[in-house]
Amino acid sequence: MSANQFKSPVIRWIDHRLPVFSMLHHTAHDYPTPKNLNYMWNFGSLAGLSLAIMIVTGIVLAMSYTAHVDYAFSSVERIMRDVNHGWMIRYIHMNTASFFFIVVYLHMFRGLYYGSYKAPRELLWILGVVIFLLMMATAFMGYVLPWGQMSFWGATVITNLFSAIPYVGESIVTLLWGGFSVDNATLNRFFSLHYLMPFIIAGVVVLHIVALHRFGSNNPIGIDTRGPQDTISFHPYYTIKDVFGIAVFLLLLAVVVFFFPNAMGHPDNYIPANAMQTPAHIVPEWYFLPFYAILRAVPDKLGGVLLMFGAIAVLFILPWLDKSPVRSARFRPLFRIFFWVFFANAIALGYLGGKPAEGIYVILSRVATAWYFIHFLIILPVLGMFETTKPLPKSIAEPVLGGFSSTPEQAYAAPRRS
Amino acid sequence: MVKPDTNKKSASGDAKDPGRRDFIVVATYAMAGLGAAAVAWPLIDQLNPAADTLALANIEVDISKIAVGQSITVKWRGKPVFIRHRTADEIARANATDVADLRDPQVDIARAEKPEYLVLVGVCTHLGCVPLGQKTGEVKGDYDGWFCPCHGSHYDTSGRIRKGPAPTNLEVPPYDFLSDTVIRIG
């Protein structure tokens with residue numbers, strides 16, 4: 001790829017000295033992409049778009065927000081009532097946070113289903129889990145900023161998780177608070193970090209993309225591309241497909257922002273924070289509910305906290321838990337069933353996390369929590385050893401074109417490691 | 001935008017008519033541009049004064065306590081407003097000035113609704129400093145009005161620029177008399 005291909009002499013001049021245009025061209029234009037990607041491969045670009053929307057609207061909101069316990073709530077209300085288009089910008093920020101999680105969860109389930117975490121993409125997957133963790137921290141701190149009742153008590157409960165750590169727990173919580181309870185110092189540092197972390201996420205996203213482009217995207221049949229006959233250039237084929245996904249995404253976002261802006265929020269957060277009174281029923285934002293359910297399922301404080309963090313930690317070692325050499329669930333009949341059971345179980349955990357911690361809900365939460373870990377720690381390793389997989393196609397083209405494979409290799413269907 | 005070779009390779013009927021493709025591409029970019037502009041506008045417009053800021057855009061001032069020859073400074077929209085209860089001599093000198101000689105020609109009557117009270121935005125029209133001349137003992141400049149210490153602009157008893165770099169007279173804010181003793185600025 002030479003710089004000469006750019007028509008504009010100005011771009012050629014710059015690119016010769018600073019090859020940003022070549023880099024962009026290489027990354028988003030020529031980049032060879034498997035030609036069989038389905039719409040489940042749209043969620044990466046949608047997550048990137050969500051991050052961009054969050055950063056832009058967030059910077060704008062910060063211009064009118066005051067991070068002080070006496071002013072935070074009113075400054076948010078001022079944004080809603082007085083700042084030009086402030087209501088819309090805040091509702092976009094609020095709801096894009098939810099959409100960001102929806103998109104990222106779908107992106108992760110896509111990775112789980114098609115085995116995108118397997119060699120040689122382990123680091124790509126791990127970087128994704130890092131992004132997910134950073135997102136959760138950012139979202140949590142952002143939710144504290146309006147300083148409503150849910151902000152305050154959410155902050156209190158989540159920071160108190162660290163008090164479960166033996167011996168040093170209390171000191172760590174005091175350190176996090178900068179005082180003896182969630183107060184002004186806490187709000188100030190949360191605002192500072194909430195502003196910082198999206199840029200760290202953006203940095204990890206760049207690493208995520210670098211790792212992705214090392215071996216290219218996985219694909220629905222999970223076999224490696226073998227050359228130009230299996231790929232098409234990213235632009236215009238996948239740019240246009242991504243743009244279509246973006247249009248659908250923005251349409252849904254607009255429906256929620258303009259017609260149901262508070263549907264995914266909690267009314268209690270429109271009550272100013274009151275350190276003297278806890279709301280009757282505290283729930284985190286919906287995207288934390290599955291993990292919240294795991295936390296509450298364990299009748300031991302430290303155990304609950306450990307399992308909750310363990311639920312994410314297990315994702316880090318997933319590439320080494322699932323030893324099956326076949327990536328895509330299409331060729332793993334048993335895994336496919338267990339995947340959908342796991343999916344339903346995850347939804348169930350989310351449902352249970354939003355219910356009061358009493359009666360049948362506690363028992364169901366325990367079963368679902370157990371299943372979450374059984375899936376990763378027992379089922380996946382066992383399936384990797386004993387599952388009989390279906391024969392893999394010889395090439396990406398084969399399932400479409402029948403036997404007319406474009407590769408001269410022997411049609412041996414045994415699973416292969418790359 | 002459209003590469004000719006793409007068209008040749010294409011098996012669709014569009015290949016014979018690249019103009020149709022160009023139209024679709026241009027229309028797509030145009031729609032995307034419109035969408036981007038529609039999104040950009042609220043993000044830019046939020047920088048403009050908010051509703052509560054605009055709500056504080058008017059102030060009422062009681063001028064009955066200002067003695068003849070005295071000036072007061074009030075804050076309006078974050079800026080100083082000078083209200084001077086002018087002496088008969090000051091009014092006479094403002095009227096006696098030959099308008100044709102002025103850099104920014106304006107008669108005194110056009111600058112003061114009631115000649116006794118001169119209301120001015122106390123911001124030098126050069127680069128925004130606050131001119132001196134409000135308090136007793138401050139330099140009032142060569143024309144006995146106001147003097148801007150930043151770059152030496154002299155204003156007369158009608159607040160008109162007479163000497164120095166400022167391009168125009170001190171601005172007269174919109175105001176009206178609610179009664180003989182109360183004015184509303186803004």
Side-chain angles (χ1 to χ4, degrees), chain A residues 5-8 25 29-30 49-50 52-66 71 74-93 96 228 232-237 239-251 253-254 257-258, chain B residues 1-60 75-79 128 174 184-186:
Chain A
Q5 67 182 83
F6 297 110
K7 274 187 215 142
S8 156
H25 197 87
H29 192 291
D30 287 344
L49 175 73
S50 304
I53 294 177
M54 292 307 280
I55 289 179
V56 170
T57 52
I59 287 172
V60 163
L61 287 171
M63 294 177 188
S64 300
Y65 171 75
T66 310
Y71 303 104
S74 345
S75 74
V76 171
E77 282 308 304
R78 180 174 173 273
I79 289 170
M80 295 301 290
R81 293 151 198 257
D82 288 338
V83 174
N84 301 327
H85 315 284
W87 60 273
M88 180 167 77
I89 296 166
R90 174 165 174 261
Y91 277 156
I92 291 175
H93 194 75
T96 306
I232 45 180
S233 63
F234 191 78
H235 181 78
Y237 300 104
T239 42
I240 202 69
K241 191 163 180 166
D242 279 347
V243 166
F244 180 74
I246 286 170
V248 173
F249 172 83
L250 291 178
L251 198 67
L253 179 63
V257 164
F258 292 108
Chain B
M1 290 177 202
V2 174
K3 289 180 192 162
D5 61 339
T6 317
N7 284 330
K8 272 177 217 150
K9 277 182 209 160
S10 164
S12 76
D14 288 350
K16 291 167 201 143
D17 186 8
R20 275 173 54 170
R21 279 209 155 190
D22 282 346
F23 175 78
I24 290 170
V25 170
V26 170
T28 307
Y29 279 115
M31 285 311 290
L34 273 177
V39 169
W41 173 241
L43 298 176
I44 293 165
D45 190 38
Q46 59 86 22
L47 295 164
N48 275 318
D52 60 335
T53 310
L54 293 175
L56 297 174
N58 301 310
I59 55 163
E60 290 177 13
K75 197 174 172 187
W76 173 68
R77 295 185 182 174
K79 289 180 289 195
R184 185 180 60 200
I185 304 173

- Item | A/Y71 atom OH: more than 12 heavy-atom contacts under 6.0 Å | no
- Between B/T53 and A/R78, the two heavy atoms sitting closest are OG1-NH2, 3.5 Å
- Query: Which answer fits B/L54, side chain, backbone, both or neither, if we ask what part of it has an atom under 4.5 Å from a heavy atom of chain A?
  - Reply: neither
- Hey, what do you get for CD (B/Q46) to CE (A/M88), rounding to the nearest 0.5 Å? 10.5 Å
- Residues in residues 32-43 of chain B near chain A [non-hydrogen atoms, under 4.5 Å]: B/W41, B/P42, B/L43
- Sorted by number, residues from residues 53-63 of chain A in contact with chain B (heavy atoms, under 4.5 Å): A/V56, A/V60, A/M63
- Item | A/N84 (side chain) donor-acceptor with B/D45 (main chain) under 3.5 angstrom | yes
